[in-house]
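Treat the numbers as computed from the prediction; the structure is a model and nothing was measured.
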Amino acid sequence: KILNSILKLEKNEYKYLSPNFFKNNHKYYMLFCNRKSSKSFYGEINLAVSKNLKNWKKVSNFVLKPEKKSEYISFVSPCVLKKNKVYYLFIEAQKTKGSDILCFISKTLKKWTYYPQFKLKKKYNTFHSPFIIKINNNLHLYYSLNKKKIICLILDNDFNHLKFIACLKSNLSNATYTIYSPSIIKLNNRYLMLYSAWKNKNLGNINCAHSFDGVLWKKTKKNIFDIKSHIKIVSEPFLIKIKNKIYIFFEYKKKDHWNIGYYCLDKSSFIKYF
């Protein structure tokens with residue numbers, strides 16, 4: 001089942017994408033990409049707030065966007081890490097050709113400053129959809145390389161690179177076009193991952209994998225959503241665990257518009273996917 005969108009597209013807007021969530025002072029915050037107008041390729045990071053994960057309100061004065069005359073034309077796929085009272089925001093920064101992963105920092109969640117000590121950028125490669133989680137005292141930054149592999153980059157607490165590991169490849173029948181956008185939670189001593197899998201440019205769904213150490217991953221299920229004809233694509237999942245409930249947030253395409261929806265199920269039902 002695909003539930004209704006949690007935000008209403010404003011006038012002349014057509015795409016809300018790549019939701020990412022964090023909690024602060026008993027409220028939930030969602031960072032997401034807003035493509036704004038369909039007339040040109042562009043993306044900025046917007047913010048919404050909620051007390052219950054169901055009713056959301058956009059924060060009108062929050063925008064993180066590429067600087068004018070920079071090589072980047074779009075920001076998408078935000079991911080937040082809080083460390084030592086500082087927020088680190090990893091984003092996919094898209095160029096005319098290709099994309100990099102950049103980092104911004106903030107102490108207030110209002111003003112974000114570029115953090116030049118961390119960047120993933122390499123000629124002839126593209127880096128997509130970062131997700132960061134702490135495992136065994138090290139930071140694990142997952143991302144998609146050229147949308148054909150999901151990589152785990154293990155970092156120390158100063159974001160120095162320790163190890164580079166290829167976790168998943170796009171070799172399933174529903175992922176021959178691309179895999180990207182991992183989201184991970186820990187349940188019952190296992191790490192459970194949802195990730196985007198596209199069969200072609202018009203058909204995308206979400207797959208599952210699990211791991212005991214965050215490094216070696218086993219694929220367990222594909223196409224977790226039964227997509228109906230009016231929904232063309234479900235992608236970029238994000239997992240939230242609250243007591244015995246699991247919330248799966250995602251972007252989805254309906255006709256020519258994209259928005260953010262969610263599906264909630266109990267923990268026992270969710271574990272059956274793995």
Side-chain angles (χ1 to χ4, degrees), residues 15-20 22 31-36 40-47 62-83 86-106 111-133 138-170 177-184 193 195-196 198 201 204 235-238 251 258:
K15 269 189 183 183
Y16 292 165
L17 303 172
S18 53
N20 180 266
F22 61 96
L31 291 161
F32 63 99
C33 171
N34 185 349
R35 288 284 188 211
K36 303 296 283 189
S40 62
F41 184 80
Y42 170 79
E44 65 183 37
I45 304 302
N46 288 177
L47 181 69
F62 182 98
V63 177
L64 180 63
K65 59 185 178 181
E67 293 183 358
K68 292 182 178 180
K69 298 184 179 180
S70 79
E71 63 179 316
Y72 302 109
I73 57 176
S74 171
F75 285 170
V76 67
S77 298
C79 184
V80 168
L81 169 74
K82 187 178 183 181
K83 184 168 74 76
V86 177
Y87 291 91
Y88 294 82
L89 173 59
F90 298 84
I91 58 104
E92 177 183 331
Q94 297 174 319
K95 302 174 284 191
T96 303
K97 291 185 178 180
S99 57
D100 306 327
I101 292 177
L102 307 181
C103 184
F104 295 81
I105 61 173
S106 175
K111 183 178 181 181
W112 292 84
T113 305
Y114 175 59
Y115 184 70
Q117 288 91 326
F118 182 90
K119 178 188 288 188
L120 285 181
K121 180 178 182 179
K122 190 174 182 180
K123 194 174 183 180
Y124 305 122
N125 281 321
T126 59
F127 302 90
H128 306 273
S129 57
F131 179 86
I132 192 162
I133 184 174
N138 285 322
L139 299 170
H140 287 51
L141 178 68
Y142 298 85
Y143 59 91
S144 175
L145 178 63
N146 302 324
K147 289 196 173 182
K148 294 299 182 182
K149 296 179 181 179
I150 291 179
I151 303 296
C152 176
L153 183 61
I154 300 180
L155 311 167
D156 64 19
N157 283 322
D158 295 319
F159 300 107
N160 297 310
H161 298 190
L162 299 179
K163 201 171 184 180
F164 172 96
I165 300 159
C167 297
L168 297 174
K169 296 181 180 179
S170 58
Y177 184 69
T178 182
I179 61 170
Y180 70 110
S181 190
S183 180
I184 299 164
M193 177 196 291
Y195 63 95
S196 300
W198 291 39
K201 66 179 182 180
S235 193
E236 299 227 21
F238 190 88
E251 66 184 34
W258 295 70

> In Å and rounded to the nearest 0.5 Å, what is the OH to CG distance from Tyr142 to Leu168?
Replying inline: 9.5 Å
> Sub-3.5 Å donor-acceptor pair from the side chain of Ser74 to the main-chain atoms of Gly43, do we have one?
Replying inline: yes
> Can you find a pair of side-chain heavy atoms, one from Cys152 and one from Ile154, that are under 4.5 Å apart?
Replying inline: yes
> Would you say the side chains of Ser129 and Tyr195 form a donor-acceptor pair under 3.5 Å?
Replying inline: no
> Taking only residues at least two apart or on different chains, which pairs with a member in residues 158-170 satisfy side-chain hydrogen bond (donor to acceptor under 3.5 Å, both in side chains)?
Replying inline: Asp156-Asn160
> If you take all heavy atoms of Pro78 and Phe32, which pair is closest and at what distance?
Replying inline: CG-N, 4.1 Å
>> side-chain contact (heavy atoms from CB on, under 4.5 Å) for Gln94 and Val76? Distances and angles first, verdict last.
In response: CA-CA 8 Å; Gln94 297 174 319; Val76 67; 3.6 Å; yes
> What do you reckon, are the aromatic ring centroids of Tyr87 and Phe22 less than 6.0 Å apart?
Replying inline: yes
> Does atom NZ of Lys148 have more than 12 heavy-atom neighbours, drawn from other residues, nucleotides or ligands, at distances under 6.0 Å?
Replying inline: yes
>> So does Val80 get a backbone contact from the side chain of Asn20, meaning a donor-acceptor N/O pair under 3.5 Å?
In response: yes
> Can you check whether Phe127 reaches Lys122 side chain to side chain, under 4.5 Å on heavy atoms?
Replying inline: yes
>> Once you measure the plane-to-plane angle for Tyr88 and Phe159, does it fall in the parallel (<30°), tilted (30-60°) or perpendicular (>60°) bin?
In response: tilted
> Would you say the ring centroid of Phe90 lies under 6.0 angstrom from that of Tyr143?
Replying inline: no
> Is the backbone of Glu236 close enough, under 3.5 Å, to the side chain of Ser196 for a donor and an acceptor to pair up by distance?
Replying inline: yes
> Do other residues, nucleotides or ligands put more than 12 heavy atoms under 6.0 Å from the CD atom of Glu67?
Replying inline: no
> Which atoms form the tightest heavy-atom contact between Ile132 and Cys79, and what is the distance?
Replying inline: N-SG, 3.5 Å
> Counting N and O atoms only, with roles assigned by atom type, does the side chain of Thr126 sit under 3.5 Å from a partner on the main chain of Ser99, one being a donor and the other an acceptor?
Replying inline: no
> Is any side-chain heavy atom of Phe118 closer than 4.5 Å to a side-chain heavy atom of Ile101?
Replying inline: yes
>> Under 6.0 Å between ring centres: does that hold for Tyr114 and Phe104?
In response: yes
>> As an exercise, state the distance from OG1 of Thr178 to NZ of Lys201, rounded to the nearest 0.5 Å.
In response: 14.0 Å
> For the atom pair NE2 (His128) and OG (Ser18), what is the distance rounded to the nearest 0.5 Å?
Replying inline: 13.0 Å
>> Distance check, rounded to the nearest 0.5 Å: Cys103 atom SG versus Leu141 atom CG?
In response: 9.5 Å
>> Which heavy atom of His140 sits nearest to which heavy atom of Asn138, and what is that distance?
In response: ND1-O, 3.3 Å
> Between CZ of Phe75 and NZ of Lys65, what distance do you get to the nearest 0.5 Å?
Replying inline: 11.0 Å
> Step by step, would you call Arg35 with Phe41 a side-chain contact (heavy atoms from CB on, under 4.5 Å)?
Replying inline: CA-CA 7 Å; Arg35 288 284 188 211; Phe41 184 80; 3.6 Å; yes
> Quick one: does Ser144's side chain have a donor or acceptor within less than 3.5 Å of a partner on Ile179's backbone?
Replying inline: yes
>> Side chains of Asp100 and Tyr72 only: does a donor on one sit below 3.5 Å from an acceptor on the other?
In response: yes
> Roughly how far, to the nearest 0.5 Å, is OG1 of Thr113 from CD1 of Ile105?
Replying inline: 6.0 Å
> Are any side-chain N or O atoms of Ser77 and backbone N or O atoms of Ile91, one a donor and one an acceptor, separated by less than 3.5 Å?
Replying inline: no
